[in-house]
K.L.:
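A single structure is presented below for examination.
Predicted model only: the values in this text are computed from it and were never measured. As the structure lists them, so they are numbered: ligands from 1, and atoms in each ligand from 1.
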Amino acid sequence: MIDVQKNTTGQTIFYLTTKTVSLVLLVTESGIVLTPYWGGRITSQDISYVTGEITRASYLADADGQKDFKLEQLPQIYPAYGYTDLRGPAFAFLYADGSRTTDLRYASHRTYSGKEKLDGLPALRPSQDCQTLELRLADPVQSMEAVLRFSVFESHDAITESVRVANQHKTQSVRMEKLCSANIDLMDCGFDLLHLSGAWGRECHIRRRPLEQGTQSVSSARGASGHGHNPFAALVTPDTDEVHGEVYALHLVYSGNFTVSAEVDMHQNTRFQIGINPFDFSWLLEPGQSFQSPEAVLVYSGEGLGRMSQIFHHMYQDLLIPERFAKQERPVLLNSWEAHYFDFDGTALTALAAEAADIGAELFVLDDGWFGKRSDTTSSVGDWTPNEEKLGGSLQELTAAIEETGLAFGLWFEPEMVSPDSYLYRRHPEWVIQAAGRRIEKSRDEYVLGLSNPAVCEHIITSVGNILSQNNIRYVKWDMNRNLTNLGSTYLPAERQQEQAHRYILGLYRVLETLTHQFPDVLFEGCAGGGGRFDPGILYYMPQMWPSDDTDAVERLAIQYGVSLLYPPSVMERHISAAPNHQVARREPLETRAAVAMWGNLGLELNLVRMDKAEKAALAEEIAFYKKVRPLVQFGDLYRLKGLDGGNQYAWMFQSQDQKTVLVSFVQIQASPNTVSKRLRLRHLDPDAWYRIEGSGAVRSGREMMHIGLDTGKIRTDAYSRRWLLTRMDRASC
Ligand code: GLA
């Protein structure tokens with residue numbers, strides 16, 4: 001809901017209110033837009049006293065010629081560079097005359113139902129009850145305008161914000177050097193900064209540290225959102241855990257270089273910003289041109305991280321991933337990578353598919369190695385022509401053979417890269433990202449195609465599109481196995497070279513928009529050497545992601561816990577892989593590998609041909625169980641019970657939307673001697689309902705299971721797991 005009021009002193013106040021949250025904006029007499037409040041829901045009362053009562057610190061500069069009107073003390077919605085606030089600005093422009101001061105003041109506003117699309121960028125779709133406030137701010141001296149767009153998702157309990165700036169000067173261009181998607185000034189600093197960090201193979205680990213005076217940030221300058229950090233951070237009160245504490249979270253719907261920063265000033269206020277990383281970024285706005293920032297998602301929770309996750313999950317499940325797949329059950333797939341790597345032929349693939357079909361898989365994915373002359377990483381990326389010699393026939397024939405086993409067929413691509421040893425590179429060396437006069441460095445034997453060049457994008461659309469239209473491909477794994485280095489474009493003029501990283505992402509979005517429209521039934525899965533580009537921007541096009549190349553169940557616990565802070569279970573793909581595991585050589589029992597892989601979309605990454613009958617039978621049972629609980633796991637509500645401390649135990653539960661079924665999983669990583677069994681307490685059950693526990697047949701009340709808990713058993717082995725399937729009983733059978 002958006003409520004606009006005028007108070008007795010003539011100030012305009014905007015109340016942006018969702019189910020449990022309020023964000024309040026206030027326009028001062030001189031047109032500065034303040035944010036007196038963001039937090040738990042309040043009523044639309046005049047709260048101008050909040051900013052009125054701020055005592056004035058000495059030493060800071062006055063504004064508007066008024067003594068003691070100190071901008072640096074005031075919480076602003078979009079603070080400028082060059083005037084009297086010396087904290088980090090939300091944006092920075094360099095004007096033709098060399099001046100750098102911008103002073104944006106309120107010019108007008110409009111509110112409307114729904115939400116407009118963002119030009120060339122992914123964004124949340126409007127919900128039924130979505131309303132938007134557009135605030136137009138202007139600097140008449142420099143003819144600049146910024147439109148801040150806030151969309152309020154009442155029942156989803158979140159707000160999104162994006163910014164569009166326009167150079168309205170008739171003759172002069174402007175260089176934009178920074179443009180945040182959101183800036184929130186909080187009048188406190190008693191927070192921890194919580195974020196998701198890691199590296200290849202150990203993505204999305206939760207990290208947390210108390211704020212200090214100064215700026216602390218997480219960012220990427222890798223050309224992708226990156227393995228290092230997710231484009232997210234939350235400021236949380238020190239008591240925050242899964243169920244307690246206040247959480248202020250920002251997440252960016254963007255797949256490229258980003259920064260999230262928290263600046264604690266001299267007076268214990270915190271400026272919290274998110275947007276495109278200003279490092280090595282600038283954008284030339286010619287007269288009349290405008291620029292659209294990516295969208296930020298603003299979530300507040302007064303009930304800890306669990307509530308924050310619920311909000312993000314429902315937002316992304318309902319309003320971000322392609323509608324077509326939002327409620328579509330995802331297939332159990334077998335991916336050929338860890339079974340064969342590059343070493344296969346058509347016969348081996350068909351044999352593997354037949355085994356997979358036997359144990360209940362539904363889709364066969366042929367990973368890397370099917371095209372050009374590729375038999376290792378050193379060649380052929382970019383030459384998307386099936387290697388018929390290796391496949392023992394055409395791709396159509398292979399697809400038909402796989403389909404004959406009863407499985408659908410999927411294919412791996414890495415369209416944004418090119419091998420130096422490829423026809424494509426020999427034909428178009430100028431398409432590669434390269435710094436003039438310098439050697440182009442390889443990573444995983446690849447160069448990066450410059451997607452800032454529309455011709456490159458067209459080529460990708462055509463070459464991938466040809467394979468998809470000529471073959472019955474039901475699924476695409478879209479990989480991206482290196483970062484952008486030696487930045488330089490043969491296509492862009494000198495004065496636009498710093499636009500390259502953002503233009504790359506805009507090019508990628510155009511390619512994905514076109515292909516996903518052309519092939520609406522193909523299930524796209526995003527991958528970037530695992531979770532190197534796992535972000536809401538990609539999810540807008542591709543409804544699922546490969547979170548990490550580390551398939552080890554124990555390793556995956558921390559990764560999946562971190563991913564689940566923000567992303568709903570149906571977007572995470574997990575595979576049961578071999579024991580010993582290929583990344584860390586750990587040996588874990590099948591039931592634990594399966595329990596962890598069932599934290600979302602289950603898949604397999606195994607050479608079934610080499611497994612014995614008993615192992616395959618056990619695997620078939622796991623898959624059969626998974627199919628029974630699949631709607632619950634993919635579309636139920638996820639609650640994390642243990643693991644926030646990154647310790648020895650993890651537990652999580654799924655509850656169906658109708659609250660009739662619950663799946664609880666528990667894993668202990670290491671056993672220790674001489675311990676007794678403990679109990680696992682559940683959450684969010686109906687205290688007065690009765691539940692039957694599958695297997696034992698025991699009947700327990702929700703209240704008992706939340707207060708007393710379930711017996712986790714005596715733990716004598718490492719990588720120990722338990723799971724319980726609970727069915728709520730109707731009154732008559734109680
Ligand atoms: C990346 C992916 C893997 C696999 C390989 C193939 O590393 O993350 O899953 O597809 O590429 O080269």
Side-chain angles (χ1 to χ4, degrees), residues 198-204 222-228 255 333-344 348-349 352 363-384 386-387 390 409-422 442-449 464 467 473 475-483 523-535 538 542 544-553 555-556 559-560 563 571-578 581-584 597 600-607:
W200 176 90
R202 47 184 170 82
E203 297 87 339
C204 279
R222 316 187 73 84
S225 46
H227 292 96
S255 311
L333 62 84
L334 180 134
N335 180 298
S336 68
W337 183 238
E338 288 194 10
H340 287 299
Y341 295 102
F342 293 106
D343 188 15
F344 56 79
L349 296 177
L352 184 57
L363 173 78
F364 181 85
V365 179
L366 174 51
D367 208 280
D368 198 351
W370 58 268
F371 49 90
K373 55 169 179 155
R374 189 150 165 102
S375 55
D376 54 31
T377 57
T378 58
S379 83
S380 305
V381 171
D383 296 342
W384 302 110
N387 182 341
K390 187 171 179 182
F409 186 61
L411 210 52
W412 178 96
F413 288 90
E414 197 186 0
E416 300 157 62
M417 304 298 148
V418 63
S419 305
D421 181 7
S422 65
K442 289 184 278 190
S443 173
R444 212 178 183 243
D445 299 310
E446 293 167 352
Y447 297 153
V448 187
L449 290 171
V464 175
I467 296 279
I473 313 280
Y475 159 106
V476 165
K477 179 174 171 187
W478 185 289
D479 210 340
M480 193 260 191
N481 272 324
R482 65 159 291 177
N483 290 135
L523 173 62
F524 281 78
E525 178 169 317
C527 175
R533 200 170 56 190
F534 196 139
D535 57 66
I538 292 291
M542 309 200 205
Q544 60 186 51
M545 311 272 262
W546 181 232
S548 180
D549 277 348
D550 192 341
T551 59
D552 175 73
E555 291 290 310
R556 273 297 184 102
I559 296 170
Q560 294 179 182
V563 167
V571 315
M572 266 195 281
E573 187 71 15
R574 291 95 172 183
H575 297 169
I576 301 176
S577 61
N581 174 266
H582 290 198
Q583 289 78 39
V584 293
N601 306 340
L602 176 80
L604 307 169
E605 193 126 349
L606 287 164
N607 195 339

K.L.:
How about N601 and Q544: does a side-chain donor come under 3.5 Å of a side-chain acceptor?
P.N.:
yes
K.L.:
Using a 4.0 Å cutoff against the non-hydrogen atoms of C527, which atoms of ligand 1 qualify?
P.N.:
2 (C), 8 (O)
K.L.:
Between D367 and S336, is there a side-chain donor-acceptor contact under 3.5 Å, judged purely by atom types and distance?
P.N.:
no
K.L.:
At under 4.0 Å between heavy atoms, is it the side chain or the backbone of D479 that contacts ligand 1, or both, or neither?
P.N.:
side chain
K.L.:
Is the closest basic N to carboxylate O distance between E573 and K477 below 4.0 Å?
P.N.:
no
K.L.:
Just checking, any donor-acceptor pair under 3.5 angstrom between side chains of D445 and S419?
P.N.:
no
K.L.:
Is the closest side-chain donor-acceptor distance between D550 and S548 under 3.5 Å?
P.N.:
no
K.L.:
Could you list the residues that satisfy ring pair (Phe, Tyr, Trp, His ring centres under 6.0 Å) with W478, not counting sequence neighbours?
P.N.:
none
K.L.:
Output the list of atoms in ligand 1 that are nearer than 4.0 Å to some heavy atom of D368, sorted by atom number.
P.N.:
6 (C), 12 (O)
K.L.:
What atoms of ligand 1 come closer than 4.0 angstrom to any heavy atom of G530?
P.N.:
8 (O)
K.L.:
So which protein heavy atom does atom 8 (O) of ligand 1 come closest to, and at what separation?
P.N.:
D549 OD1, 2.5 Å
K.L.:
How would you list, by chain and number, every residue that makes a side-chain hydrogen bond (donor to acceptor under 3.5 Å, both in side chains) with S380, sequence neighbours excluded?
P.N.:
none
K.L.:
Tell me the contacting part of K477 for ligand 1: side chain, backbone, both, or neither, using a 4.0 Å heavy-atom threshold, strictly below.
P.N.:
side chain
K.L.:
Which one holds for N335 and ligand 1: side chain close, backbone close, both close, or neither close, with close meaning a heavy atom under 4.0 Å?
P.N.:
neither
K.L.:
Given that the side chain starts at C-beta and the backbone is N, CA, C, O, which of these parts of R444 lies under 4.0 Å from ligand 1, counting heavy atoms, or is it both or neither?
P.N.:
side chain
K.L.:
Please report which non-hydrogen protein atom sits nearest to atom 4 (C) of ligand 1, along with the residue it belongs to and the distance in Å to one decimal place.
P.N.:
D367 OD1, 3.4 Å
K.L.:
So is Y341 in contact with ligand 1, going by heavy-atom distances below 4.0 Å?
P.N.:
no
